[in-house]
Structures are given as C-alpha cells and as structure tokens.
Amino acid sequence: MMTVSNRVDFFQGLKVGLPIGIGYIPIAVAFGLLAKSLAIPNIVGVLMSLVIYAGASQFIGVNLLVVGASFGDIVITTLLLNLRHFLMSATLSQRVETNISKPWRALLAFGVTDETFAVSVLQKQDKLSRYFVLGLNAIAFAAWNFGTWLGIFFATGVPEIIKTSMGIALYAMFIGLLIPHVKKSKPVLVVAMLAVIINMLMYWSAAVLGVSNGFSIIVATIVSAAVGAGLYEAGEGEVER
Amino acid sequence: MNLIYLVLAMAAVTYIPRMVPLVILKNVRLPRYLNRFMTFIPYAALGALIFPGVITSTGSGHMGAGIIGCLTAILLAWLETNLIFVIAGGILGAFLVSVLF
C-alpha cells in the first residue's frame with residue numbers, strides 16, 4: 001500500500017510537524033485541566049479533542065457550557081471561529097498534488113489547523129505529497145490528543161507559572177515561520193504588516209464593532225492578501241515561497 | 001448524553017469549513033489575480049494570528065511576559081535559528097519575565 005517513497009514523505013511530515021506537536025502538548029494539557037476543573041465529564045473532554053480538534057473552539061466551548069450558553073449559541077460561535085479554515089483549506093487545495101482522490105482530500109482536511117496549514121504551505125516544494133501532509137497532520141493530532149489525556153487524567157500539579165509561559169509556544173512558532181519570509185520579500189512584509197494593523201484595530205474596537213476574534217482574523221487576512229495581490233504584479237514582486 | 005450531541009455538532013461545524021474547499025476546489029485552475037491572492041494568504045493569516053494574540057498569550061495579567069517572549073522569538077527568527085530554538089526562546093523569555101517580575 002505504502003511505497004518506499006510514500007514512507008519517506010510520511011516520516012518527513014512527522015519530522016517537520018514535530019515543533020507543532022511540541023507546541024500543542026502544553027495547550028492541550030491546559031484544555032484537559034480546564035475541562036476537568038469545570039466538571040466536564042472525562043469522556044466528553046476526550047471526545048472533543050478527538051472529533052472537534054480545534055483549540056480555541058474547545059476552550060470557548062467548555063467555558064460557554066459552564067456559563068449556561070445554549071447549544072445553538074455554542075455551535076454558531078464554533079462555526080464563526082473556524083470559518084478562517086475555509087480560506088486555509090482553499091489555499092492548501094492549490095498546493096497538494098493534483099491526483100489525490102476525494103476521500104484522501106477529505107482525510108487531509110480533518111487535519112487542517114492554523115499551525116499545520118502554515119507549516120505545509122510554507123514548504124519549498126511546489127506540490128505537496130499527500131503522505132507528507134498526512135504525516136504532518138498525524139503528529140499534530142496525536143500530540144493534541146495525548147496532551148488532552150495528560151491534562152484530564154494526570155496533570156494536577158503543574159505550576160501555574162509554567163503553564164502560562166507555555167501559552168506563548170504556538171505564537172513563537174508562527175513568528176519563526178513568518179519572519180524569515182518577511183526578511184526576504186518586501187511584498188510579504190507589507191501584506192503581513194497590513195494584516196497585523198487591521199487585526200489589531202478590529203481587536204481593540206471589538207466592543208464597538210461587536211466582532212469575534214475569529215471574524216477579525218478572517219477580515220484582516222482577506223483584505224491584506226487582496227491588497228497585496230493588487231499591489232504586486234507577478235514578476236516585479238514575485239512572492240517567494 | 002446531550003453533551004455528546006453538542007460535541008458532534010461542534011465537530012461538524014469545525015470540519016465542514018476545512019473539508020469543502022479541499023474537496024471541491026480539486027483541479028480548479030484559478031485566475032492569476034486569485035492565484036497571487038492565495039500566495040499571500042499564509043503571510044496575512046500568520047500576521048493576524050500573531051498580533052495581538054501573542055501579547056495576551058501568557059494571561060492578560062502578564063502582558064510583559066507576552067511582549068518579551070514575542071521580542072525574543074522575533075530576534076531568534078530574524079537570525080534564522082532553527083524553529084525549535086525560536087519556540088524555546090519565546091517560552092524562556094516569557095518565563096523569565098514571569099519569574100522576575
């Protein structure tokens with residue numbers, strides 16, 4: 001079933017995904033601890049990480065549950081938070097190898113997160129092998145679920161100060177992914193800065209605008225990518241991958 | 001039992017936005033403008049994902065830790081050190097500020 005070259009791609013995916021996995025574990029532990037402390041049944045906490053597999057949604061979901069939000073509100077909030085993945089999946093769909101069957105695409109789609117998306121599409125090769133993306137997604141998914149179990153069943157005595165410091169891990173990874181490209185390409189710098197400015201303005205006026213965090217990320221991403229695509233014609237500002 | 005239905009509904013609305021474009025946009029050739037738009041998406045998304053989230057990532061009471069951790073990570077990333085060191089440096093910077101202040 002798996003040829004030698006597929007296996008090489010898969011292991012390459014695991015390797016490239018390792019920093020994501022390392023970043024996920026403390027956050028997933030924190031999720032497990034939170035679910036436990038809010039008296040969410042263990043099986044529900046475990047199931048959330050298995051089938052929802054979206055950090056922010058899970059945190060907000062259990063919080064909303066505890067404050068007594070309706071199921072409808074929780075589901076709609078979850079949808080709004082995750083609409084940005086629509087954009088990411090659309091981008092990824094142009095980067096995976098073209099001869100992949102629909103079931104394969106449906107499988108790879110389950111693993112799309114902010115982190116696996118960013119790491120996959122910033123790879124140098126033009127077309128990504130399905131086994132590479134599978135390996136990358138698999139290690140992130142495994143780490144997220146492993147961390148959830150740790151949080152629910154084992155981690156009771158992790159000092160608060162360590163937990164809060166680990167909260168920065170994934171942001172540091174995003175920084176590590178973005179900065180080298182910003183250094184090399186002015187169009188990338190302009191687009192990224194524009195996204196930062198739009199998102200910060202929307203974030204700080206959230207009370208007035210009444211927009212969720214997930215929605216402002218979508219708007220900032222679309223607007224700045226659209227401006228970039230308009231400003232920089234191919235050739236003079238060829239975006240470097 | 002009701003909670004299980006809630007989790008399944010949350011799973012559905014999380015999966016659908018991930019799945020639809022990947023399955024539907026199969027072998028579509030996009031116009032050039034849209035193609036450039038797509039190449040900018042990762043950088044735009046990363047910018048928006050990082051700021052301002054990173055500043056409050058260590059808890060709203062520890063914004064100093066978030067800022068110092070962020071600056072440490074930016075410096076290490078600028079020097080193009082390995083991703084693992086960028087992450088470790090960010091955590092260490094945030095940790096030291098939390099311990100010292």
Side-chain angles (χ1 to χ4, degrees), chain A residues 19 23 44 47-48 51-52 54 57 61 71 75 78-79 82-83 85-87 89-91 93-94 98 102 105-106 109 112 114 118 121-122 161 164-169 171-181 188 191-192 195-196 199-200 203 217 220-221 224-226 228-229 234 239, chain B residues 3-11 13-15 17-23 25-27 30 32-33 35-54 57-59 62 65-66 69-70 73-74 76-78 80 83-84 86-87 89-91 94-95 98-99:
Chain A
V44 173
L47 195 65
M48 282 180 115
V51 302
I52 301 175
S57 306
F71 281 16
V75 172
T78 307
L79 177 64
N82 291 302
L83 274 181
H85 289 143
F86 189 92
L87 221 53
S89 270
T91 306
S93 76
Q94 304 299 305
T98 42
K102 285 192 173 170
R105 286 172 172 263
V112 174
D114 299 340
V121 298
L122 293 181
I161 196 161
T164 56
S165 311
M166 298 293 263
I168 204 170
Y171 291 98
M173 188 182 86
F174 290 147
I175 290 169
L177 290 172
L178 179 60
I179 296 290
H181 296 276
V188 168
V191 167
V196 167
N199 192 47
M200 283 182 124
Y203 180 86
I217 290 175
T221 304
S224 45
V239 182
Chain B
L3 275 182
I4 305 282
Y5 290 124
L6 173 69
V7 172
L8 294 180
M10 288 173 75
V13 295
T14 313
Y15 181 57
R18 288 169 168 166
M19 183 269 289
V20 169
L22 256 166
V23 173
L25 282 181
K26 191 183 169 190
N27 302 334
L30 297 170
R32 289 179 58 201
Y33 174 82
N35 237 328
R36 288 207 302 281
F37 173 74
M38 292 288 206
T39 54
F40 279 118
I41 288 283
Y43 311 109
L46 281 172
L49 286 167
I50 296 168
F51 293 102
V54 64
S57 65
T58 48
H62 298 86
C70 170
I74 290 176
L76 290 170
W78 194 266
E80 301 196 24
L83 193 54
I84 294 284
V86 178
I87 297 171
I91 294 173
F95 178 74
S98 318
V99 172

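Predicted model, so just to flag it, every value in this text is computed and none were measured. First the proteins, then the strands, lettered A, B, ... as listed; each starts at 1.
If you tally non-hydrogen atom pairs under 4.5 Å between each of A/Ala220, A/Ala172, A/Pro180 and chain B, the highest count goes to A/Ala172. No other option in A/Ile168, A/Leu177, A/Ile217 has as many heavy-atom pairs under 4.5 Å with chain B as A/Ile168. Heavy-atom pairs under 4.5 Å with chain B peak, among A/Ala225, A/Ala195, A/Pro19, A/Gly176, at A/Ala225. When each of A/Leu87, A/Asp114, A/Val44, A/Leu83 is scored by its heavy-atom pairs under 4.5 Å with chain B, the top score falls to A/Asp114. Heavy-atom pairs under 4.5 Å with chain B peak, among A/Gly23, A/Ala118, A/Ala169, A/Gly61, at A/Ala169. Here A/Gly228 is the residue among A/Ala192, A/Ser224, A/Gly228 with the most heavy-atom pairs under 4.5 Å with chain B. In terms of non-hydrogen atom pairs under 4.5 Å with chain A, the most contact-rich of B/Cys70, B/Gly66, B/Ala65, B/Gly53 is B/Gly53. Most heavy-atom pairs under 4.5 Å with chain A, from the set B/Ala48, B/Gly90, B/Ala11, B/Gly47: that is B/Ala48. For the options B/Asn35, B/Leu8, B/Val13, heavy-atom pairs under 4.5 Å to chain A are most numerous at B/Val13.
In this pair, B/Tyr33 and B/Phe37 present their aromatic rings parallel. The plane angle is below 30°, not in the 30 to 60° band.
Here the CZ atom belonging to A/Phe174 is positioned 11.0 Å from the CG atom belonging to B/Leu83, to the nearest 0.5 angstrom. Considering OG1 of B/Thr14 and CE of A/Met48, their distance stands at 9.0 Å, rounded to 0.5 Å. Atom CZ of A/Phe71 sits about 5.0 Å away from atom CG of B/Leu6, to the nearest 0.5 Å. Of the inter-residue distances, the one linking A/Met173 atom CE with B/Ile91 atom CD1 reads 11.5 Å to the nearest 0.5 angstrom. Interatomic distance, A/Ile52 CD1 to A/Leu47 CG, rounded to the nearest 0.5 Å: 7.5 Å.
Under the rule for a side chain to side chain donor-acceptor pair (under 3.5 Å), the partners of A/Ser57 that lie at least two apart in sequence or sit in another chain are A/Asn82. Under the side chain to side chain contact (heavy atoms under 4.5 Å, CB included) criterion, B/Val23 pairs with A/Lys102, A/Arg105, A/Ala106, B/Met19, sequence neighbours left out.
Exactly one residue among B/Ile87, B/Leu76, B/Leu46, B/Ile74 makes a side-chain contact (heavy atoms from CB on, under 4.5 Å) with A/Ile175. That residue is B/Ile74.
For chain A, the nearby parts of B/Val54 are the backbone and the side chain; heavy atoms of each come within less than 4.5 Å. For B/Ile84, the part lying under 4.5 angstrom from a heavy atom of chain A is the side chain only. Residue B/Leu49 touches chain A through both its backbone and its side chain, counting heavy-atom pairs closer than 4.5 Å. Contacts between A/Tyr203 and chain B at a heavy-atom distance below 4.5 Å involve the side chain alone, from C-beta outward. Heavy atoms of B/Phe95 lying under 4.5 Å from chain A belong to its backbone as well as its side chain.
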